[in-house]
Q: 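To start, I am sharing the structure in question, which I have written as structure tokens.
These numbers come from the heavy atoms of this one structure, side chains and all, not from hydrogens, waters or symmetry mates. As the structure lists them, so they are numbered: ligands from 1, and atoms in each ligand from 1.
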Amino acid sequence: MKNFLRIMRFGRPYRRYAVMNGVFNLLATVFHLASMLLFIPFLRLLLGQTKAVHEKPVLSWNKDALEQGFNWALTRLIELHGQIGALGIICGTVVAMFLLKNLFRYMAVRSICTFRNRIIRDVRSKIFDKMLELPLRYHNDERKGNLLSLITNDMQVLEYSVMYSIEMVFREPIAVIMFLGTMVTLSPELTLWSLLLLPISGLIISRISKSLKRRSTRVQEKSADLLGRVEETLTGMRVVKAFNGEDAMRRRFEQENDQLMRSSISMLNRQDVASPLSETLGTAVMAAIAFLGGTLVLGPDASLSGDSFLGFIIIFSQLLTPIKGFSQGYSGIVRGSSSAQRVFDLLETPNTVTEKPNARSVTAFTTNIEFKNVGFAYDDKPVLSNINLTVPKGKSVALVGTSGGGKTTLAGLLPRFFDVTEGSVTIDGNDLRDLRIKDLRALMGTVTQDSLLFNDSVASNIAFGRTGIGEAEIQRAAEIANAHEFISRMPNGYQTTIGDAGNRLSGGQKQRIAIARAVLGDPAILILDEATSALDTESEKLVQDALFKLMKDRTSLVIAHRLSTIQHCDEIIVLDRGQIIERGTHAQLYAAEGQYRKLCDLQAFA
Ligand code: ADP
Ligand code: MG
């Protein structure tokens, strides 16, 4: 219920739709009730029990006065149109009232539909914003499946259960109250009996909805697993096929698909039992009321007339529908509550990389970057320790070492993908944590191993994240990146969409587009993380050449697998298990015959 209220908070800006829904529903209920009450004079007429009333009675809300009013109107009708005519008019009125009821009902549904879809859109946007906001270290492959499932499955459950239920919870009570009021007017005694009998059936239904929530959580989990598997398979399709892995993937998928089916069936069975059960219970209650009412009609003091009793039964039978709707709505809320919980858990995940309110703006890089006694740990797994490093402006520093040594992590500290857990990183003497994050990142250009391009035009990919960039600027960047030539040969040049069939780009070409993207901002600081590692020798040359042009006059932090590419760097740092074990120029390190020399020798044979 708590989650339900929190979802409702998203509805505040759209509350007029909720109010409209309430008003229309109220009108619909009034007409529904009125049309049912018309059955009383209808029966009276049919059974020949109409008591003629020729004087217009005083109107007031009690049983006698209302009956008098009814009878008077009925008498007038019969006088004017004859018995058959009156019958026809009553039937016609019933139809008209139902028409109005359903018209208002439709308008109520329309407004609630707008209400809930707007809420869902806002929640979805919030989730996406949060995904973008959360620091890089939050995102890993395992969470990818969960996030995907959150924004698809959980949102759907939210929409169809919680949001669908909103209306039930707010609409049905109106109907219940009005129906009960009418019932009391007709026969207080019978109403009392009905009120005693109804909660018993309600209790049984509510027990069922309790176990629904647990099952629903399971369904969502299974469904996240399945999505994760599909995502993984699609991403790794090349490997799957290359290793004849289709059967293995299929087996795993089928296993998970099967589990999802089982938990869905289990949940739905539980959900579906509510309806037949409540119908049976409802009929039992109805029979009991019919019996009790019958004794009142047939009893010695005949405290209830037969036609009023029938009217009562008709309204009572309709009373069960909103009560059932209410309990279904409630179970929907319970069911959706586990999805809502997951959504709110995500929205409440704290962002660990935050900007101070008084963060300073930076626009230029003038002297140096310094790592002072830097230590870093993923959760409690230490990855870097005791890093002391200065990168003066205009110089290039290379990071080498075994994989898993912490090179990427060290480079990631600079744009604050993560924050140091010990020591500090400063830029021109300012702690990174005191600066505006956007400004800081704008100082840097990054090229990584897998050149990530988005499914958009080449030009948009180069200008990614920036607005108001002209063709000429994009082209200049592409030229520096040795990319202009092959881009111009593409069918639509810079407007060609990446990923269009027939425009398959090679790894080297993608990488050169990624380099153009890094060049475009004319960043003062370059971070190259294995930028050429995934390339064949020939494209490596082209890319390497582009990188050299890029590094000229810039400050750069270069991580390279191939040592030939970093020989000219001003300082080479050898990282091993998070510690700096050697540092110096290529010549110094080579002569020192340490770890670096070993790495060089290994590559010389390769
Ligand atoms: P390198 O780039 O030198 O190969 P990394 O900086 O990528 O090394 O990784 C250093 C260590 O940190 C590795 O042991 C790796 O398993 C661990 N690591 C990297 N990323 C994460 C992460 N997001 N969460 C937990 N551990 C991580
Ligand atoms: Mg790495």
Q: For residues 563-570, dump all side-chain donor-acceptor pairs below 3.5 Å to protein atoms at least two apart in sequence or in another chain.
A:
from	atom 1	to	atom 2	distance (Å)
T565	OG1	R562	O	2.6
D570	OD2	S396	N	2.8
D570	OD2	S396	OG	3.3

Q: Do you know the tightest heavy-atom contact between D154 and Q220?
A: OD1-OE1, 3.0 Å
Q: Nearest protein heavy atom to atom 23 (N) of ligand 1, by residue and atom, and its distance?
A: Y378 CE2, 3.7 Å
Q: Between the side chains of R554 and D522, is the shortest nitrogen-to-carboxylate-oxygen separation below 4.0 Å, so that they form an ion pair?
A: yes
Q: List the closest protein heavy-atom neighbour of atom 13 (C) of ligand 1: residue, atom name, distance to the nearest 0.1 Å.
A: G404 O, 3.8 Å
Q: Does a side chain donor of either Q495 or E471 reach within less than 3.5 Å of an acceptor in the other side chain?
A: yes
Q: I need the contact type for T408 against ligand 1. Using non-hydrogen atoms and a strict under-4.0 Å cut-off, is it side chain, backbone, both or neither?
A: both
Q: Can you list everything that forms a salt bridge (charged side-chain N to carboxylate O under 4.0 Å, His left out) with R218? Sequence neighbours excluded, please.
A: none
Q: Of all residues at least two apart in sequence or in a different chain, which pass the side-chain hydrogen bond (donor to acceptor under 3.5 Å, both in side chains) check with E256?
A: R229
Q: Can you tell me which residue and heavy atom of the protein come closest to atom 16 (O) of ligand 1, and the distance to 0.1 Å?
A: K381 NZ, 3.1 Å
Q: Any idea how many protein N, O or S atoms are nearer than 2.8 Å to the Mg ion (ligand 2)?
A: 1
Q: Of all the non-hydrogen atoms in the protein, which one sits nearest to atom 3 (O) of ligand 1, and at what distance?
A: K407 N, 2.8 Å
Q: Hey, are N368 and K395 close enough side-chain-wise for a donor-acceptor pair under 3.5 Å?
A: no
Q: Using the rule side-chain contact (heavy atoms from CB on, under 4.5 Å), only one of D419, T409, V420, L410 pairs with F376; which is it?
A: T409
Q: When you check the gap from the basic side-chain N to the acidic O, do E593 and R597 get nearer than 4.0 Å?
A: yes
Q: Could you tell me, atom by atom, which parts of ligand 1 come under 4.0 Å of a heavy atom of T409?
A: 5 (P), 6 (O), 9 (O), 10 (C)
Q: Checking a contact table here: which protein heavy atom is nearest atom 8 (O) of ligand 1, and how many Å away?
A: G406 N, 3.2 Å
